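Notes to accompany the following structure.
The residues of the chain are indexed from 1 along the displayed sequence. The model shown is predicted, which means the values in this text are computed figures rather than measured ones.
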Amino acid sequence: MVAIISCNSYYPLAASKWINPTLPTKASTFLTTPKYNSHKHVQCQLQNGQKGRPFSLKECAISIILAAELITGIPSLDAYAANPPLPDLSVLISGPPIKDPGALLRYALPINNKAVREVQKPLEDISESLKIAGVKALDSVERNVRQASRALKQGKTLIISGLAEAKKDRGAELLDKLEVGMEELQRTVEDRNRDAVAPKQKELLQYIGDVEEDMVDGFPYEVPEEYKNMPLLKGRAAVDMKVKVKDNPNLEECVFRIVLDGYNAPVTAGNFVDLVQRHFYDGMEIQRVDGFVVQTGDPDGPAEGFIDPSTEKTRTIPLEIMVDGEKGPVYEATLEELGLYKAQTKLPFNAFGTMAMAREEFENNSASSQIFWLLKESELTPSNANILDGRYAVFGYVTENEDFLADVKVGDVIESIKLVSGLDNLVNPSYKIAG
């Protein structure tokens with residue numbers, strides 16, 4: 001089992017097994033790695049109302065440092081604070097981290113239309129406004145709605161001009177629905193109906209996301225020559241992962257909706273969709289749960305990844321990370337190795353349920369089939385100031401039922417992962433080749 005940095009080092013006996021507090025292989029010692037459409041929300045079957053809670057990431061970070069001390073003899077947290085591994089965090093952090101997977105996916109779209117973003121942002125900010133207790137939150141929500149309405153009125157022409165030519169009519173209809181929806185939300189606020197705000201916000205952001213999707217006119221860049229014949233996801237796709245839970249008094253069964261982002265990780269997402277179409281993960285157990293990640297994808301036998309029957313060799317993919325402001329991903333190197341300490345990743349480890357590829361610690365291009373979902377408190381590790389951003393390839397987010405990942409246990413079974421949208425975006429599908 002390939003790995004990512006784990007809070008297993010919290011336990012001294014576990015720490016003694018490892019050369020350093022990062023990544024060995026195999027399961028016995030491993031450490032380590034929009035709403036896209038309008039499908040009905042899939043419900044998990046609960047036996048009672050209790051929910052699991054992962055380790056605090058602060059506890060995890062401290063435990064990693066302590067484990068490193070035990071192994072290397074390098075002194076303590078004081079030295080760590082005096083010599084942090086990343087440059088001035090105040091430069092890297094600009095406002096609270098975006099934690100909502102839908103918002104992360106919207107902002108990750110390859111578009112550059114300021115007018116639509118000026119409508120989107122105040123609607124996204126309603127989530128922050130609703131953190132205020134009671135009906136006082138509605139005063140802040142009202143300001144958000146007015147700002148979004150004003151931005152739409154002023155920028156509607158520019159938004160329509162940014163739509164792909166073949167999608168202008170549909171985009172204009174969506175904007176009309178958005179305009180009507182914001183008027184309805186304004187009346188909801190005036191009626192002081194706090195409970196109705198969040199569902200309406202979700203509806204409006206769905207319209208925004210669909211409009212922004214319609215601004216993408218084809219795939220925005222060329223995949224490098226050495227990877228262009230691999231399975232590639234040139235766009236977005238969504239899958240439903242059905243997990244059968246064993247020996248868990250809280251949960252019987254759950255379906256997780258996952259949106260895969262091929263705009264920012266075409267090789268990584270394409271590899272995964274190809275494996276899904278091969279039914280590679282169907283019937284596989286969850287292999288690691290530690291309060292930090294949920295991980296699976298290590299097949300039975302000595303192989304630690306997918307053996308391509310056409311070559312009888314492990315199929316691996318390169319490390320692939322999209323940096324904000326760049327036209328295409330960075331391949332085969334971590335951002336730390338490239339000295340890009342202040343670079344922002346387009347798909348950050350912000351959301352509970354962030355999905356990424358596991359790999360060997362010292363082999364950037366060793367990812368194959370092992371995947372993980374992050375369980376974390378993003379306030380403690382904001383974008384690009386944590387141990388994962390720029391080191392592992394994120395390629396999607398769990399957008400429905402993500403909270404229930406904390407209830408999944410080792411030995412629970414993935415009954416199936418099924419593609420529900422986006423198959424047309426898969427290029428070079430190897431699953432169709434008889435092997």
Donor-acceptor pair between [X] and [Y] side chains, under 3.5 angstrom:
X: Asn401; Y: Arg257; result: no
X: Asn365; Y: Thr316; result: no
X: Asp261; Y: Asn264; result: yes
X: Gln370; Y: Gln295; result: yes

Quick check: does any side chain N or O of [X] sit under 3.5 Å from a backbone N or O of [Y], one acting as donor and the other as acceptor?
X: Arg278; Y: Ser430; value: yes
X: Thr296; Y: Glu285; value: yes
X: Glu415; Y: Val243; value: no
X: Ser416; Y: Lys418; value: no
X: Asp210; Y: Leu174; value: no
X: Asp290; Y: Val293; value: yes
X: Asp217; Y: Glu165; value: no
X: Asn350; Y: Ile98; value: yes

Is Arg106 salt-bridged to Glu124, going by a charged N under 4.0 Å from an acidic O?
yes
Just to verify, what does [X] make a salt bridge (charged side-chain N to carboxylate O under 4.0 Å, His left out) with, not counting sequence neighbours?
X: Glu402; value: none
X: Glu212; value: Arg117
X: Asp282; value: none
X: Glu203; value: Lys200

Show your reasoning for whether side chain to side chain donor-acceptor pair (under 3.5 Å) applies to Gln201 and Ser127.
CA-CA 9 Å; Gln201 177 207 22; Ser127 298; 3.1 Å; yes
I need the single residue from Ile371, Leu347, Leu374, Val294 that forms a side-chain contact (heavy atoms from CB on, under 4.5 Å) with Met355. Which is it?
Ile371
Going by side-chain contact (heavy atoms from CB on, under 4.5 Å), Leu260 matches just one of Leu233, Asn425, Thr268. Which one?
Leu233
d(Leu104 CG, Thr354 OG1) to nearest 0.5 Å is 7.0 Å
Only pairs at least two apart or in different chains count here, so list each side-chain hydrogen bond (donor to acceptor under 3.5 Å, both in side chains) that has a residue in residues 218-233.
Tyr227-Glu332
Under the ring-ring contact (aromatic ring centres under 6.0 Å, His included) rule, collect the residues that match up with Phe272, sequence neighbours excluded.
Tyr281, Phe395
Ring-face cation contact, Tyr392 with Arg359, 6.0 Å cut, 45° max:
yes
